[in-house]
Amino acid sequence: MEDVITEAAPPSRFLEEDLNIFTPPSPALPTPFLIFPHDHPQQPLKPSLLIVALSPPSLALFRSLPAVASLILPELPLSLPDHAADILSLSPSALLAAVPFPVPAPRARAVARLLLGDRILPDAVLVLDSLDPRNYRGKLSADETVAFKLESSAERKRSEGQKMLGELEYYPSGSVVDGLGAAILARCQVMNVRASLCVSWPEFDASVVALIKGVLQRGVLRGFEFGSSGEAFKFGRRRKDRVLHSELYI
């Protein structure tokens, strides 16, 4: 006779996905949206270059720029100091999207579609992000400053002298990136837009600020007057505050 107390329970007659049908689905999050000034024309923005700053060092480089739009995630409390991503004017032909908050995994695609959609149509996109050591196939020293690049097919076809990040090495094979940066690069790949993704390490260090500044000054932003180079980061957040999960891009 079986011991009903110690014997393992029989397998359930229901599959796990069948049991989930009794649980009401979570309500859909509101769609992210762009806010433009009231006097902004209805025509879409068509910059020759869109720079998307995600990493603290890249955000620290740009100060006191005129805003042309704001990107809002409705679920973020308005009480947060950095509750919106500003679309700033770098020059008559270049825009900067400064994203000071971590974009959760389920929202990366929606934000990427908003940055490259009906209202913003760039000819080329440069994304500045941080390298997550958990996704890097190799060892990273805290004293080592490095930066790598990933490119869309349209950018890879360009000659070395025409590339946005021509002086950087490619991201090592077997390593991955994720989060909003990867979602934007994937979006550009689908739209056949020139795009480069720069990932740098360490995430929060003045040496990286100098590295990224030098790469931009010798490349896509020659002659541009940057703000800070080594002072306290205005938008900086440490790794524990950032959420970089989905949109895996190998």
Side-chain angles (χ1 to χ4, degrees), residues 49-62 85 96-105 108-109 111-112 115-116 122 124-156 158 160 163-189 193-221 233 235-250:
L49 174 66
L50 171 65
I51 298 178
V52 183
L54 305 177
S55 65
S58 64
L59 288 163
L61 284 173
F62 302 98
L96 169 73
V99 185
F101 51 80
V103 176
R109 283 186 181 180
V111 174
L115 290 174
L116 290 102
V125 178
L126 174 59
V127 184
L128 304 174
D129 204 351
S130 293
L131 192 158
D132 188 340
R134 297 171 296 181
N135 295 335
Y136 184 73
R137 189 173 183 179
K139 294 182 178 180
L140 291 170
S141 171
D143 300 327
E144 180 183 16
T145 303
V146 295
F148 301 102
K149 66 179 178 181
L150 285 165
E151 296 172 336
S152 66
S153 298
E155 176 70 5
R156 189 180 285 264
R158 297 274 175 152
E160 288 300 320
K163 291 187 175 183
M164 291 181 280
L165 299 175
E167 65 182 85
L168 295 184
E169 297 181 0
Y170 285 102
Y171 200 44
S173 177
S175 302
V176 298
V177 293
D178 57 5
L180 179 57
I184 294 173
L185 186 60
R187 174 77 172 167
C188 291
Q189 179 69 20
V193 173
R194 290 182 56 202
S196 289
L197 168 61
C198 171
V199 289
S200 57
W201 170 265
E203 182 192 21
F204 200 90
D205 194 88
S207 63
V208 184
V209 178
L211 173 63
I212 299 302
K213 180 179 179 180
V215 170
L216 296 176
Q217 285 180 325
R218 294 186 294 271
V220 296
L221 291 181
F233 297 142
F235 298 108
R237 293 175 181 265
R238 297 190 180 275
R239 171 63 58 185
K240 65 180 181 179
D241 296 325
R242 296 185 64 83
V243 181
L244 299 174
H245 291 301
S246 70
E247 300 310 318
L248 201 64
Y249 192 99
I250 301 177

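Atom set for the values below is all heavy atoms of this structure, side chains included, hydrogens, waters and symmetry mates excluded. Index from 1, following the sequence. Note that the structure is predicted; figures quoted are calculated from it, not measured.
- What you find for Pro57 and Glu203 is that their closest heavy atoms are CD-O, 3.0 Å.
- Of the residues Val125, Asp129, Leu128, the one that meets the side-chain contact (heavy atoms from CB on, under 4.5 Å) test with Leu197 is Asp129.
- Taking Lys163 as the reference, Glu151, Glu160 meet the salt bridge (charged side-chain N to carboxylate O under 4.0 Å, His left out) condition, with sequence neighbours excluded.
- Shown here for Leu54 and Gly181, the closest heavy-atom pair between the two residues is CD1-N, 3.6 Å.
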Going through the checks in order, is the side chain to side chain contact (heavy atoms under 4.5 Å, CB included) test met by Leu115 and Arg187?
CA-CA 10 Å; Leu115 290 174; Arg187 174 77 172 167; over 6 Å; no

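- Lys149 forms a cation-pi arrangement with Tyr170, by the criterion of a distance under 6.0 Å to the ring centre and an angle within 45° of the ring axis.
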Would Ile51 and Leu221 count as a side chain to side chain contact (heavy atoms under 4.5 Å, CB included) here? Give the steps.
CA-CA 10 Å; Ile51 298 178; Leu221 291 181; 3.7 Å; yes

Please step through side chain to side chain contact (heavy atoms under 4.5 Å, CB included) for the pair Leu116 and Cys188, ending with a clear verdict.
CA-CA 8 Å; Leu116 290 102; Cys188 291; 3.5 Å; yes

Between Asn135 and Val199, is a side chain to side chain contact (heavy atoms under 4.5 Å, CB included) present by the stated rule, with each step listed?
CA-CA 11 Å; Asn135 295 335; Val199 289; over 6 Å; no

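- Put simply, the side chain of Val146 does not reach to within 4.5 Å of the side chain of Ser200, judged on heavy atoms.
- Annotation for Phe148 and Leu131: closest pair CD1-CD1, 3.8 Å, computed over non-hydrogen atoms.
- In terms of heavy-atom proximity, Glu155 sits nearest to Ser196 at CG-OG, 3.4 Å.
- Between atom CD1 of residue Ile212 and atom CG of residue Leu168 there is a gap of 7.0 Å, rounded to the nearest 0.5 Å.
- Among all heavy-atom pairs drawn from Ser58 and Ala53, the shortest one is OG-CB, 3.5 Å.
- One finds the CZ atom of Arg156 at 9.5 Å from the CD atom of Gln189 (value rounded to the nearest 0.5 Å).
- With rounding to the nearest 0.5 angstrom, the CG atom of Leu216 is 8.0 Å from the CG atom of Leu165.
- One finds the CD1 atom of Ile184 at 7.5 Å from the CG atom of Leu50 (value rounded to the nearest 0.5 Å).
- Summarising the geometry of Ala147 relative to Cys198, their closest heavy-atom pair is CB-SG, 4.2 Å, with the distance given to 0.1 Å.
- The aromatic rings of Tyr136 and Tyr171 lie tilted to each other, with the angle between the two planes from 30° to 60°.
- A distance-only check finds no donor-acceptor pair linking the side chain of Trp201 to the backbone of Val208 [under 3.5 Å].
- Within 6.0 Å of CD on Glu169 lie no more than 12 heavy atoms contributed by other residues, nucleotides or ligands.
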